[in-house]
Number of protein chains: 2
Amino acid sequence: MADDLFKALADSTRRTILDELAERSGQTLFEICARLSMRHGLGISRQAVSQHLAVLEAAGLVETRREGRYKFHDLNTAPLRRIAERWLVPDTPDPEDSTP
Amino acid sequence: MADDLFKALADSTRRTILDELAERSGQTLFEICARLSMRHGLGISRQAVSQHLAVLEAAGLVETRREGRYKFHDLNTAPLRRIAERWLVPDTPDPEDSTP
DNA sequence: AGGATAGGCAAGTACTCACTTGCCTATCAA
DNA sequence: TTGATAGGCAAGTGAGTACTTGCCTATCCT
């Protein structure tokens with residue numbers, strides 16, 4: 001659960017994708033590919049970006065909506081808010097990692 | 001720089017170590033090993049924990065102080081606070097990942 | 001000094017993961 | 001229908017990494 005979130009954030013390309021979606025929400029796969037290439041100089045295939053988006057969606061950081069042949073991607077920052085709270089608040093720890 | 005931070009958080013054992021240090025700061029390597037085994041059921045070698053602590057220290061999440069033959073580890077939550085801010089604030093993005 | 005404790009260094013192994021390659025499906029426009 | 005566009009599925013490859021094993025250094029106590 002939380003493991004998916006942190007693993008998703010561990011890759012720099014995925015973090016750049018989050019940057020792009022934070023700036024302009026609702027982009028399609030091809031739009032994201034173009035902007036990664038143009039603005040960030042990332043020579044990366046469409047399939048690679050698609051796989052990154054799947055990871056981000058599994059982590060709950062990206063939500064998608066389909067319209068016709070287009071699939072729009074939206075950023076969801078809710079999971080990010082709980083990251084810092086885990087170690088800042090000396091509360092009962094999340095039993096997430098106790099039994100991997 | 002920020003890459004070290006996210007990579008450090010990507011491992012569940014390291015996150016559990018942060019949990020332990022959040023609960024009791026200033027533990028030694030052997031104390032951390034014992035608590036990981038006792039309270040979390042993690043059968044992990046001392047060297048593995050030592051390597052994890054090195055990763056956490058490189059990420060700025062753990063600071064160490066040496067006293068005699070003991071090395072105490074303290075949690076530093078400062079880097080965590082800036083994680084959520086990156087995508088919550090629609091500001092000029094950190095140019096960190098532009099040129100990997 | 002000698003043993004015990006706390007920690008460090010380095011090479012090897014096994015596994016994960018990012019990325020590519022190749023092909024396939026679905027929607028829209030002519 | 002035909003072609004073009006947007007996206008998906010799956011196997012293979014190469015690099016990174018978590019962990020082990022073995023040995024070494026430093027500090028403390030008797």
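Quick note: numbers below take in every heavy atom, side chains included, and nothing from hydrogens, waters or symmetry partners. Per chain, numbering begins at 1; letters A, B, ... match sequence-line order.
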Can you check the [X] [atom1] to [N] [atom2] distance for me, whole Å?
X	N	atom1	atom2	answer
B/Ile32	C/dG8	CD1	P	11 Å
A/Lys71	D/dG7	NZ	C1'	8 Å
B/Asp11	D/dC19	CG	C1'	10 Å
A/Lys7	D/dA18	NZ	P	9 Å
A/Phe72	D/dT5	CZ	P	17 Å
A/Leu29	C/dA26	CG	P	18 Å
B/Glu31	C/dA6	CD	C1'	11 Å
A/Phe6	D/dA18	CZ	P	15 Å

Fill in: Main-chain N/O of A/Arg35 paired to A/Glu20 side chain as donor or acceptor, under 3.5 Å
no

Worksheet item: Any donor-acceptor pair under 3.5 Å linking the side chain of B/Arg14 with the backbone of B/Lys7?
Response: yes

Worksheet item: What's the closest nucleotide to the A/Arg46 side chain, out of D/dG7, C/dC28, C/dA6?
Response: D/dG7

Response to the item:
The nucleotide from C/dT27, C/dA6, D/dG7 with an atom nearest the side chain of B/Tyr70 is C/dA6

Worksheet item: Looking at B/Arg66, does any N or O in its side chain come under 4.0 Å of the phosphate oxygens OP1/OP2 on C/dA6?
Response: no

Worksheet item: Are any of B/Arg14's side-chain N or O atoms less than 4.0 Å away from OP1 or OP2 of D/dA18?
Response: yes

Worksheet item: Do A/Ile83 and A/Leu18 share a hydrophobic cluster (ILVMFWY, side-chain heavy atoms under 4.5 Å, transitive)?
Response: yes

Worksheet entry | Spacing of A/Ile17 atom CD1 and A/His40 atom NE2 [to the nearest 0.5 Å] | 9.5 Å

Discussion item. Please report the interatomic distance CG(B/Leu88) to CG(A/Leu80), rounded to the nearest 0.5 Å.
Written reply: 6.0 Å

Fill in: Distance-only side-chain donor-acceptor flag, B/Arg81 / B/Thr77, under 3.5 Å
yes

Discussion item. Quick check on contacts: within residues 47-60 of chain B, what sits under 4.0 Å from DNA chain D by heavy-atom distance?
Written reply: B/Gln47, B/Ala48, B/Gln51, B/His52

Worksheet item: Are B/Leu5 and B/Arg82 close enough, and set up right, to give a side-chain contact (heavy atoms from CB on, under 4.5 Å), and what steps lead you there?
Response: CA-CA 11 Å; B/Leu5 173 60; B/Arg82 293 181 297 183; 6.0 Å; no

